[in-house]
Amino acid sequence: MRYFAVIDTNVLVSALFSRHPDAATVQIIEKVYTGEIIPLYSNSILEEYEEVLCRPKFHFSVSMIRTLIASIKTNGISVEPSPTGIELPDMDDLVFYEVVMEKQTDNAYLVTGNIRHFPKEPFIITPNEMLDIIRNGTAPTRE
């Protein structure tokens, strides 16, 4: 089965920093490469990925960044989001929310390490929750 997901930049940063191949963030990226997760993105999201991942403080190689972004573009779907009018604690996250909202008819998820930056919605999940959905076919419940 394939799953549609908007992947927050913090998930990519965490995956690239990880030295553990079994880390949830690393597994999310692997599932993008294998096609199990279909990434959803907009031009603004791709621009953020590049800007953040190229920050000198991270020391990520340019070729690794280009390969990752190319894979997201090749395996993913470009989405033009509509404004939602929602206010988020960090308005830089708005584009991720608006892209996932465009694809709710496709049961899309927003995978983030910062769920507190978004409204409590069943489709806004952590990398571990995304892996649980893939393994078990069940969405998380939050109270």
Side-chain angles (χ1 to χ4, degrees), residues 1-84 86-140 142:
M1 185 166 193
R2 292 184 182 177
Y3 300 88
F4 296 98
V6 179
I7 302 171
D8 199 348
T9 311
N10 61 64
V11 174
L12 302 182
V13 171
S14 179
L16 293 177
F17 267 129
S18 182
R19 300 199 189 291
H20 303 283
D22 60 340
T25 55
V26 172
Q27 291 181 59
I28 293 295
I29 301 309
E30 286 175 357
K31 292 185 181 307
V32 168
Y33 283 120
T34 64
E36 198 167 355
I37 292 177
I38 308 299
L40 303 172
Y41 64 88
S42 68
N43 288 335
S44 295
I45 288 174
L46 294 178
E47 288 168 9
E48 175 169 323
Y49 287 166
E50 185 165 356
E51 187 274 321
V52 171
L53 296 175
C54 287
R55 289 179 182 165
K57 69 180 181 178
F58 292 137
H59 303 287
F60 298 141
S61 78
V62 173
S63 65
M64 181 172 51
I65 294 166
R66 286 187 180 147
T67 299
L68 177 58
I69 293 173
S71 179
I72 289 168
K73 288 171 70 173
T74 300
N75 297 325
I77 298 171
S78 179
V79 175
E80 277 304 314
S82 300
T84 60
I86 191 167
E87 295 278 330
L88 298 176
D90 182 352
M91 289 303 285
D92 288 343
D93 291 329
L94 184 60
V95 67
F96 296 93
Y97 183 79
E98 289 179 340
V99 167
V100 79
M101 291 303 294
E102 282 296 320
K103 289 300 201 176
Q104 278 309 288
T105 56
D106 296 321
N107 295 316
Y109 296 95
L110 193 161
V111 182
T112 180
N114 295 321
I115 58 172
R116 69 186 182 282
H117 289 185
F118 297 96
K120 287 187 178 184
E121 299 282 356
F123 57 85
I124 299 174
I125 59 175
T126 67
N128 279 317
E129 290 170 332
M130 183 79 239
L131 295 174
D132 287 344
I133 290 168
I134 292 169
R135 277 192 290 270
N136 306 323
T138 58
R142 286 204 173 73

Applying salt bridge (Lys or Arg N to Asp or Glu O under 4.0 Å), name anything that partners Arg55, two or more places apart in sequence or on another chain. Glu51

Can you tell me if Glu50 has over 12 outside heavy atoms packed within less than 6.0 Å of its CD? no

Among residues at least two apart in sequence or on other chains, which ones pass salt bridge (Lys or Arg N to Asp or Glu O under 4.0 Å) with Arg135? Asp132

So which heavy atom on Pro127 is nearest to which on Thr25, and how close? CG-CG2, 3.9 Å

Compare every heavy atom of Phe123 with every heavy atom of Ala108, then report the nearest pair and how far apart it is. O-CB, 3.4 Å

Got a second to check how far Asp8's CG is from Glu48's CD, nearest 0.5 Å? 7.0 Å

Working to the nearest 0.5 angstrom, can you tell me the gap between Ile28 CD1 and Ile37 CD1? 4.0 Å

Give a yes or no on whether the backbone of Asp92 and the side-chain of Asp90 come within a donor-acceptor separation of less than 3.5 Å. yes

Can you find a heavy atom in the side chain of Leu46 that is under 4.5 Å from one in the side chain of Lys73? yes

Verdict with reasoning, Ile125 to Val111, per side-chain contact (heavy atoms from CB on, under 4.5 Å): CA-CA 5 Å; Ile125 59 175; Val111 182; 4.3 Å; yes

Counting only N and O atoms by type, is there a donor-acceptor contact under 3.5 Å from the side chain of Ser18 to the main-chain atoms of Ser14? no

Does Gln104 use its side chain to pair, donor to acceptor, with the backbone of Val100 at less than 3.5 Å? yes

Closest approach of Met91 to Ile86 (non-hydrogen atoms, all atoms of both residues): CE-O, 3.8 Å

Thr34 (side chain) donor-acceptor with Lys31 (main chain) under 3.5 angstrom: yes

To the nearest 0.5 Å, what is the distance between OG1 on Thr126 and CG on Asn114? 11.0 Å

With a 4.5 Å heavy-atom cut-off, do Leu88 and Phe118 have their side chains touching? yes

Arg116 CZ to Ile124 CD1 distance, which is reported to the nearest 0.5 Å: 13.5 Å

Check the orientation of Phe58 and Phe17. Use parallel for under 30°, tilted for 30 to 60°, and perpendicular for over 60°. perpendicular

How close do Val95 and Ser42 get, heavy atom to heavy atom, and via which atoms? CG2-OG, 3.4 Å

Just to verify, what does Glu80 make a salt bridge (Lys or Arg N to Asp or Glu O under 4.0 Å) with, not counting sequence neighbours? none

Just verifying a value: how many Å separate Ile29 CD1 and Ser71 OG, rounded to the nearest 0.5 Å? 8.5 Å

Side-chain contact test, heavy atoms from C-beta onward, threshold under 4.5 Å: evaluate it for Ser82 versus Glu102 and give yes or no. yes

Taking every heavy atom of Ile7 against every heavy atom of Phe96, the minimum-distance pair comes out as O-CE2, 3.6 Å

Closest non-hydrogen atom pair between Glu30 and Pro21, with its separation: OE2-O, 4.1 Å

Gap separating the CG atom of Asn75 from the OH atom of Tyr41, nearest 0.5 angstrom: 9.5 Å

Let me know which of Leu12, Val13, Ile65 forms a side-chain contact (heavy atoms from CB on, under 4.5 Å) with Val52. Val13

